[in-house]
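First comes the structure, then the notes that go with it.
Residue numbers start at 1 and run along the sequence shown. When a ligand or atom number is given, it counts from 1 through the structure's own listing order.
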Amino acid sequence: MILITGGAGFIGSNFVLDWLAQSDEPVINLDKLTYAGNINNLASVKEDQRHIFVHGDIGDTAHVAALLDQYKPRAVVHFAAESHVDRSIHGPAAFIETNVNGTFGLLEAVRAHWSALAVTDKEAFRFLHVSTDEVYGTLGAHDAPFTETTPYAPNSPYSASKAASDHLVRAYHHTYGLPTLTTNCSNNYGPYHFPEKLIPLIITNARAGKPLPIYGDGQQVRDWLYVSDHCAAIRRVLESGQPGEVYNIGGWNEKANLDVVHVLCDILDNLDPKSSGSYRDQITYVTDRPGHDRRYAIDAGKIAQELSWKPAETFETGIRKTVQWYLDNQPWVNNVQSGDYLKWVEQNYSQRSGSKENT
Ligand code: NAD
Ligand code: DAU
C-alpha cells in the first residue's frame, strides 16, 4: 500500500479517487482536515476498504512513525501543505509550521522507518514530494519557461516555505540516501477546488451574482493543468522516476488571468445564462496582490521524454468539464462556503478598492 498526506484537499482527494479507480492497492490518507481539507471530497469511497482515512498532523512524528510501523507502505506521497498565496501574505506562520516544520517532521519519521527496512524494501521505497513551480519565482514575458535547473527565487511566504521543503527533501536524499522524488507543478484546476483560488472563486461568485475580482491589470500569466493530468504525472513519477530527481509538470498552456475569467464567463453564459446580460458584467478590478508574480511557465520536456507523460486534457476540454462539475455540485459549494470561508472572503477582499470592467 501507499501512504499519502493531504488526501482530503483538492489535488490529494482527486489523487485518491483516481488511484482507487485504477488500482487495487490500498491508500492510507493522513490529513489534518484544516479549512482546506474536506472529507466530503471522498464520500464516494467512504465504504471502500482500500481507503483508510487517518486524522492527524504530518508534523506529529510519533503518530507518523506509528502509521508507518503499522501499515508498512511501499511509498509516501506528500501533498499536505498550506497552499494559498494570499493566506500566506495575511498569516505566514501556518505556512512555516506545516510546509517547513511539518515536512521536516514527516521526513524524520520516514527516514527512521526506511533506515530499518531490509535492503530490497529499502531500494524499492519512495518518498514523493509534491511541490510547485512558484519556487522558481517570476518570469518576464519573453523568458524561457522554468526547467528543473532554474535557480530557486521564491517571492511569497507560501513559495518560500515550499522551497524550504524542497531543499529538505533534496538534503535527505543526498545526505541519508532516502529515495526521494520531487515534482514541481503549475496551476491545477478541476473538481473539488476550494473556492478561494481563482477559477472556482470566479465560477461560484459569478453564479451568486457577486463581483469577479481581478487583481491589478489581470495580465498575470499562469500555466494551467487539469488536476487528473497532474495525478497521472505523479503516478508516472512514482513508478518510474529516478530517486533524487526532480520533474517539472505543466500543461504547456499559458493564459493571462483576464482571459481565463473571460472564458469562464462565456462558458457560464452558454451553460447557465443570466436572465439579462453577461457574467462578464460582474468583472471588477481590485487592488493587486502584494509581490504578485507576473508569469509562470513550465518546460515539461523532461517528464515527457524520460517518463512519456503528457497531459490528456486541453484547456478547452478541462475548463468546460470543470464549470459543469461546479454546476452539478452546488451542495458541495454551499457546504464549503460557510464559517471560515466567509471570514476569509471578508479579510482578503474588504480592504481592496474595486472598479468595474469598462470593455
Ligand atoms: P489544499 O490546500 O487544497 O489541500 C491541502 C490538504 O493538506 C488539506 O486536505 C489539508 O487539510 C491538509 N493539511 C494541511 N496541513 C496539514 C498538516 N499539518 N498535516 C496533515 N494534513 C494537512 O492544497 P492543494 O491545492 O490540493 O495542493 C496540494 C499540494 O500540491 C500542496 O503541497 C501544494 O503546494 C501543491 N501544489 C498545488 C498546486 C495547485 O494549483 N493547487 C500546484 C502545484 C503544487
Ligand atoms: O503555480 C502553482 C500554484 O498555483 C500552487 O502552488 C498554489 O498552491 C496555487 O494556489 C496556485 O497559486 P496562484 O497564486 O497562482 O493561484 P490563485 O488561484 O490564488 O491565483 C491565480 C491567479 O489569479 C494569480 O495571478 C492571482 C489571480 N487572482 C486570484 C484570486 C484569488 C485574482 O486575480 N483574483 C483573485 O480573487
Side-chain angles (χ1 to χ4, degrees), residues 4-15 29-39 41-42 54-60 63-64 77-89 94-95 97-99 101-103 105-106 129-136 138 146 154 156 158-159 161-162 165-166 183-190 192-202 205 211-225 227 230 234 249-250 255-258 260-261 283-289 292-298 344-345 348-349 352:
I4 77 164
T5 71
F10 164 47
I11 304 173
S13 60
N14 276 281
F15 183 85
N29 180 356
L30 174 64
D31 197 296
K32 189 178 171 183
L33 295 180
T34 67
Y35 79 92
N38 185 350
I39 200 71
N41 297 2
L42 300 159
V54 180
H55 186 203
D57 192 322
I58 53 165
D60 182 348
H63 188 192
V64 177
V77 183
H78 176 32
F79 293 95
E82 289 293 334
S83 68
H84 191 31
V85 173
D86 291 316
R87 285 190 192 247
S88 84
I89 295 166
F95 288 72
E97 194 49 43
T98 284
N99 301 358
N101 296 336
T103 300
L106 179 67
H129 175 58
V130 180
S131 193
T132 171
D133 60 359
E134 300 201 12
V135 297
Y136 299 122
T138 188
F146 302 130
S156 71
Y158 163 68
S159 53
S161 68
K162 290 296 290 187
S165 67
D166 293 9
T183 56
N184 293 89
C185 188
S186 62
N187 286 59
N188 286 212
Y189 66 99
Y192 305 110
H193 204 181
F194 194 76
E196 64 187 357
K197 310 280 170 57
L198 180 72
I199 286 180
L201 181 96
I202 294 299
N205 274 18
L212 309 181
I214 306 285
Y215 293 168
D217 64 2
Q219 293 308 314
Q220 305 83 6
V221 170
R222 298 291 182 266
D223 169 9
W224 294 96
L225 181 68
V227 63
H230 186 190
I234 290 170
I249 304 170
K255 299 250 180 261
N257 292 339
L258 189 59
V260 170
V261 174
I283 289 174
T284 306
Y285 291 92
V286 300
T287 311
D288 207 353
R289 172 187 280 176
H292 199 170
D293 285 338
R294 194 69 177 164
R295 173 175 168 241
Y296 304 141
I298 277 275
W344 164 250
V345 170
N348 192 42
Y349 294 97
R352 295 175 191 268

- Examine Arg222 relative to Tyr189 and say whether NZ or CZ is less than 6.0 Å from the centre of the six-membered ring and inside a 45° cone about the ring axis.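 Relative to the ring axis of Tyr189, which defines the angle, Arg222 lies outside at least one limit.
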Polar contacts were defined as any N/O atom of the residue lying under 3.5 Å from an N/O atom of the ligand; does this apply to [X] and ligand 1?
{"X": "Tyr35", "value": "no"}
{"X": "Asn38", "value": "no"}
{"X": "Ser131", "value": "no"}
{"X": "Phe10", "value": "yes"}
{"X": "His230", "value": "no"}
{"X": "Ile58", "value": "yes"}
{"X": "Phe79", "value": "yes"}
{"X": "Thr132", "value": "no"}

For ligand 1, which atoms, with element, lie under 4.0 Å from some heavy atom of [X]?
{"X": "Ala36", "result": "2 (O), 8 (C)"}
{"X": "Gly56", "result": "19 (N), 20 (C)"}
{"X": "Asn187", "result": "40 (O)"}
{"X": "Leu33", "result": "11 (O)"}
{"X": "Tyr158", "result": "33 (C), 34 (O)"}
{"X": "Val130", "result": "30 (O), 32 (O)"}

Ligand 2-proximal atoms of [X], by part, heavy-atom distance under 4.0 Å:
{"X": "Leu201", "result": "side chain"}
{"X": "Glu196", "result": "backbone"}
{"X": "Ile214", "result": "backbone"}

- Message: I'd like to know if the side chain of Asn29 and the backbone of Gly7 have a donor-acceptor N/O pair within less than 3.5 Å.
- Response: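 Answer holds: yes.
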- Query: Taking the six-membered ring for Trp, are Tyr158 and Phe95 parallel (under 30°), tilted (30 to 60°) or perpendicular (over 60°)?
  - Reply: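 Tyr158 vs Phe95 ring planes: perpendicular.
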- Query: Using the ring of each side chain (for Trp, its six-membered ring), is His84 parallel, tilted or perpendicular to Trp344, with breaks at 30° and 60°?
  - Reply: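 The arrangement is perpendicular - the two ring planes meet at more than 60°.
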- Message: Check contact between Gly7 and ligand 1, using heavy atoms of the residue and a distance below 4.0 angstrom.
- Response: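 Contact check Gly7 vs ligand 1: negative.
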- Message: Looking at Lys162 and Asp133, is any side-chain nitrogen of the basic one under 4.0 Å from a carboxylate oxygen of the acidic one?
- Response: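 Result for this pair is no, no salt bridge flagged.
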- Query: Does a salt bridge link Arg87 with Glu196, judged by any charged N lying under 4.0 Å from a carboxylate O?
  - Reply: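 Yes, charged N to carboxylate O under 4.0 Å.
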- Message: Below 4.0 Å from ligand 2: does a non-hydrogen atom of His292 turn up there or not?
- Response: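 Judged by the 4.0 Å heavy-atom criterion, His292 does count as contacting ligand 2.
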- Task: Calculate, to the nearest 0.5 Å, the distance between atoms CG and CZ belonging to Asp86 and Arg352 respectively.
- Result: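 Between Asp86 CG and Arg352 CZ, I get 5.5 Å after rounding to 0.5 Å.
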- Query: Nearest 0.5 Å, what's the CD1-OG distance between Ile298 and Ser186?
  - Reply: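 The OG atom of Ser186 is 6.0 Å from CD1 of Ile298, to the nearest 0.5 Å.
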- Just going by heavy-atom distances, which of Lys32, Glu82, His55 is nearest to atom 21 (N) of ligand 1?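 Among Lys32, Glu82, His55, the closest heavy atom to atom 21 (N) of ligand 1 comes from Lys32.
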- Would you indicate which of Leu30, Asp57, Asp60, Ile11 comes nearest to atom 18 (N) of ligand 1 when only heavy atoms are counted?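 Heavy atom nearest to atom 18 (N) of ligand 1 belongs to Asp57.
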- Item | Heavy-atom side-chain contact between Asn184 and Asp166 under 4.5 Å |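 SC-SC contact between Asn184 and Asp166 confirmed.
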